[in-house]
Amino acid sequence: MTDQSKIETTMEDQMANAIRALSMDAVQAANSGHPGAPMGTADLATVLFNRFMRIDPTADKWADRDRFVMSAGHGSMLVYAINHLLGYDDMGMEQLKNFRQMGYRTAGHPEYGHAKGIEVTTGPLGQGFSAAVGMALAERMQNARYGDDLVDHYTYVIAGDGCLMEGVSHEAIDFAGHHGLGRLIVMWDDNKITIDGSTDVSTSMDQMKRFEAAGWHVQKVDGHDKEAVAAAIEAARNVTDKPSMIACRTIIGFGAPNKQGSHDVHGAPLGDEEIAAARENLDWPHEPFTVPQDVYDAWHAVSTRGREARLEWEKRLGGHPKQDAFETDMADPDIRALDAAIIAYKARLSKDAPKVATRKASQMALDVVNGTLPNTVGGSADLTGSNLTMTAGMTDVTAADFSGNYVRYGVREHGMAAIMNGLALHGGFVPYGGTFLQFADYARGGMRLAALMGVRVVYVMTHDSIGLGEDGPTHQPVEVLASFRAMPNMWVFRPADAVETAEAWQAALEMDATPSILSLSRQGLPTVRTNHTDTNMTAKGAYVLRDVNGTRDVTLIGTGSEVEIALNAADKLAEDGIKAAVVSAPCFEAFAQQDATYRDTVLGTAPRVGVEAAVQQGWDALLGCNSAFVGMSSFGASAPANELYEHFGITADAVADAAKKLI
Ligand SMILES: Cc1ncc(C[n+]2csc(CCOP(=O)(O)OP(=O)(O)O)c2C)c(N)n1
Ligand SMILES: [Mg+2]
């Protein structure tokens, strides 16, 4: 130890030690956090930033910047320390001193939008890695559209043992290898430690072989040998047709003489004594939260280099023949153009009144959307013909040709959700992707992060109830709608017909900070909105679809495929002289945002019956006290759809009977 401390450190060593010191000090001050990962990966990150990264802290959203993703999000102090050292104006030392405290940007795990230079929220292991695959895909897709002059950047990732153990990494690795994402470089923090101790207790995976089998370029280095790390990154950059993984053998908590290499440094403060010993060991004699000016200067040089690169790039953009198109892609979609196109399309629908499944209606709406917005990117997790996510003129994105706009995500729902996050976060694209609604559960980890980050992604979730029929209960969602309605900032649209489906697309695309689920039927549904209005009624969340003359006796509220049932029930009640209004409620979240007067007018004061082929949970806000619910309280079954509706008692008769009992 003493010998080591006598070795003269280079400036690059000191740059890395600044990360280590700030990390251990911040974790100590917070009395919680994870010093091990930032201390262990400080050398990797320093070499990466000092010699390769092109970012400009004064223009954090510069379109052609390199992306850096700390997928091992518990190592957040690595990101905060680096961003502080680089001179981001929102990452002053007080942020580091108040790591993990209320009101500061330095959250326990890096959160997108909290501070500049955080490209994606990480913490749920594997998500950052997988989102980075989406970013690297977006880079290649934009490059195919705009060329090297405008789009020429790398996506760098630091991923831990945990990220690589998570199942989603399999999906992302396979996808990235297949698509030959040559601008993706992953550094694996191969420290052989996770929370439970040595990785020997839980894995014997040969990660090099795993990545290689998926078509990656792989290398192995000593993660504390800066020249070796630099050479590996250089080699990885030169491999243009494959993503690269560099297995970096590191020591967790590097520098803490008595604790490094052990799981004790993973997620607990080192303690004052060990921190003092680490200062000695690293030859870092400075006070806590103090960085010498020459070390700052060295880090600021990275920023200056990035700024110069950005200014050069801006010169290339100015007057570039594709400047306007590029800037349009990077900006928000032109919603006014979309509004006009959807309104015209809705008018046609109300007149033609087609009877189509809402999944088909979604494809028809997408024809309009994709014809209007230049930068939508479609896709499906191997259910293109069922989700109906592809429209005329779309072409596949492939390793040989990234100019297409349709992604074959393969049977990888979770990977698809995370990759779509990366596509959206990169900028320049509005991604949507499909699967069966039931398999949203497989994608949930990525979807939850989309909601938390506030990114515009649309999930085209078809086969949304027992109405899918014979495939049976494994495929029939019952609790899925309720579970996603419970998720903050995730909007669930369940349109009743082709008109509402068009409106749902319009509403979903107009929200720039909220992901949406479109819950769509497999079975054909009649057009219930035969009176055209320009107003997006679906965006109101719920509205009176059929009113009564005079006073309501009862209000029937349905969503999606069950709106037809509510209308039929109202007809039956009318035969008995009972006046039933019918409310269509395609989006609970949107309705909750309407003012009280509107909500009261829609819901009325009469008793209410809700009908949805799903569980009741989440309906309380619409139903109130004097109410009934007709829906599911068990898993479904395998049979033709109409028999299932009879069997589970989701019928017009059942709704009418429930109404009669209330009045
Ligand atoms: C999806 C998910 N599962 C579990 C956790 C809890 N967790 C945080 S770090 C960690 C161990 C990670 O090990 P590794 O990636 O090797 O990080 P290191 O200990 O080397 O810093 C676990 C299980 C998490 N953050 N995300
Ligand atoms: Mg580890």
Side-chain angles (χ1 to χ4, degrees), residues 19-20 23-24 26-27 32-45 69-81 100 107-112 120-132 157-173 186-208 210 220 222-224 245-256 259-270 413-415 417-418 421 441-450 452-453:
I19 297 175
R20 293 190 171 98
S23 298
M24 61 188 189
V27 171
S32 83
H34 302 77
M39 294 177 79
T41 57
D43 291 322
L44 310 178
V69 173
M70 181 59 177
S71 188
H74 55 281
S76 56
M77 264 314 301
L78 179 89
V79 179
Y80 303 142
R100 296 179 152 236
H109 296 84
E111 292 193 47
Y112 176 73
V120 54
T121 296
T122 56
L125 298 170
Q127 290 293 336
F129 179 108
S130 309
V157 180
I158 292 180
D161 302 298
C163 290
L164 299 197
M165 275 194 224
E166 289 291 350
V168 70
S169 80
H170 172 78
E171 301 181 20
I173 290 168
V186 174
M187 289 187 276
W188 168 32
D189 177 24
D190 176 16
N191 61 21
K192 304 211 185 303
I193 292 288
T194 63
I195 291 178
D196 271 8
S198 165
T199 50
D200 287 346
V201 302
S202 57
T203 178
S204 43
M205 175 63 71
D206 184 332
Q207 293 290 0
M208 302 277 287
R210 183 166 82 114
K220 196 178 181 73
D222 172 348
H224 300 297
M245 190 278 269
I246 307 170
C248 304
R249 187 67 181 93
T250 60
I251 297 169
I252 190 170
F254 184 94
K259 292 190 170 178
Q260 66 180 21
S262 136
H263 65 142
D264 295 341
V265 295
H266 163 88
L270 297 180
E413 297 81 11
H414 199 179
N421 286 344
D441 277 354
Y442 272 44
R444 188 179 294 268
M447 294 172 72
R448 184 172 189 273
L449 273 193
L452 177 62
M453 290 188 282

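Note that ligands are numbered from 1 as they come in the structure, with each ligand's atoms numbered from 1 the same way. Counting from 1, the numbers follow the sequence of the chain as shown.
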| query | Between Asp190 and Lys220, does a side-chain contact (heavy atoms from CB on, under 4.5 Å) hold up when you go through it step by step? | reply | CA-CA 10 Å; Asp190 176 16; Lys220 196 178 181 73; 4.1 Å; yes
| remark: Atoms of type N, O or S from the protein that sit nearer than 2.8 Å to the Mg ion (ligand 2) number exactly 3
| said: When you measure from the side chain of Ser71 to the backbone of Ala159, do you find a donor-acceptor pair of N or O atoms at a distance under 3.5 Å? | reply: no
| request: Verify side-chain hydrogen bond (donor to acceptor under 3.5 Å, both in side chains) between Asp189 and Thr250, making sure each step is shown before the conclusion. | output: CA-CA 6 Å; Asp189 177 24; Thr250 60; 2.5 Å; yes
| said: Does any part of the side chain of Phe129, heavy atoms only, come nearer than 4.5 Å to the side chain of Ile173, both counted from C-beta? | reply: yes
| request: Output, in order, the C-alpha distance, side-chain angles, deciding distance and verdict of side-chain contact (heavy atoms from CB on, under 4.5 Å) for Met24 and Met77. | output: CA-CA 9 Å; Met24 61 188 189; Met77 264 314 301; over 6 Å; no
| request: Could you pull out every protein residue that has a heavy atom closer than 4.0 Å to ligand 1, ordered by chain and then number? | output: Ala37, His74, Gly123, Pro124, Leu125, Gly160, Asp161, Gly162, Glu166, Asn191, Ile193, Thr194, Ile195, Ile252, His266
| request: Using the side-chain contact (heavy atoms from CB on, under 4.5 Å) rule, take Thr194 and Thr203 through it: C-alpha gap first, then chi angles, then the decisive distance, then the call. | output: CA-CA 11 Å; Thr194 63; Thr203 178; over 6 Å; no
| message | Before you tell me yes or no, could you show the steps for Asn191 and Asp161 under side-chain contact (heavy atoms from CB on, under 4.5 Å), namely the whole-Å CA-CA distance, both residues' side-chain angles and the distance that decides it to 0.1 Å? | response | CA-CA 8 Å; Asn191 61 21; Asp161 302 298; 2.7 Å; yes
| field | Residue that, paired with His263, satisfies side chain to side chain contact (heavy atoms under 4.5 Å, CB included) out of Ile193, Ile195, Asp196 | value | Ile193
| field | Plane angle bin for His266 and His74 - parallel if under 30°, tilted between 30 and 60°, otherwise perpendicular | value | tilted
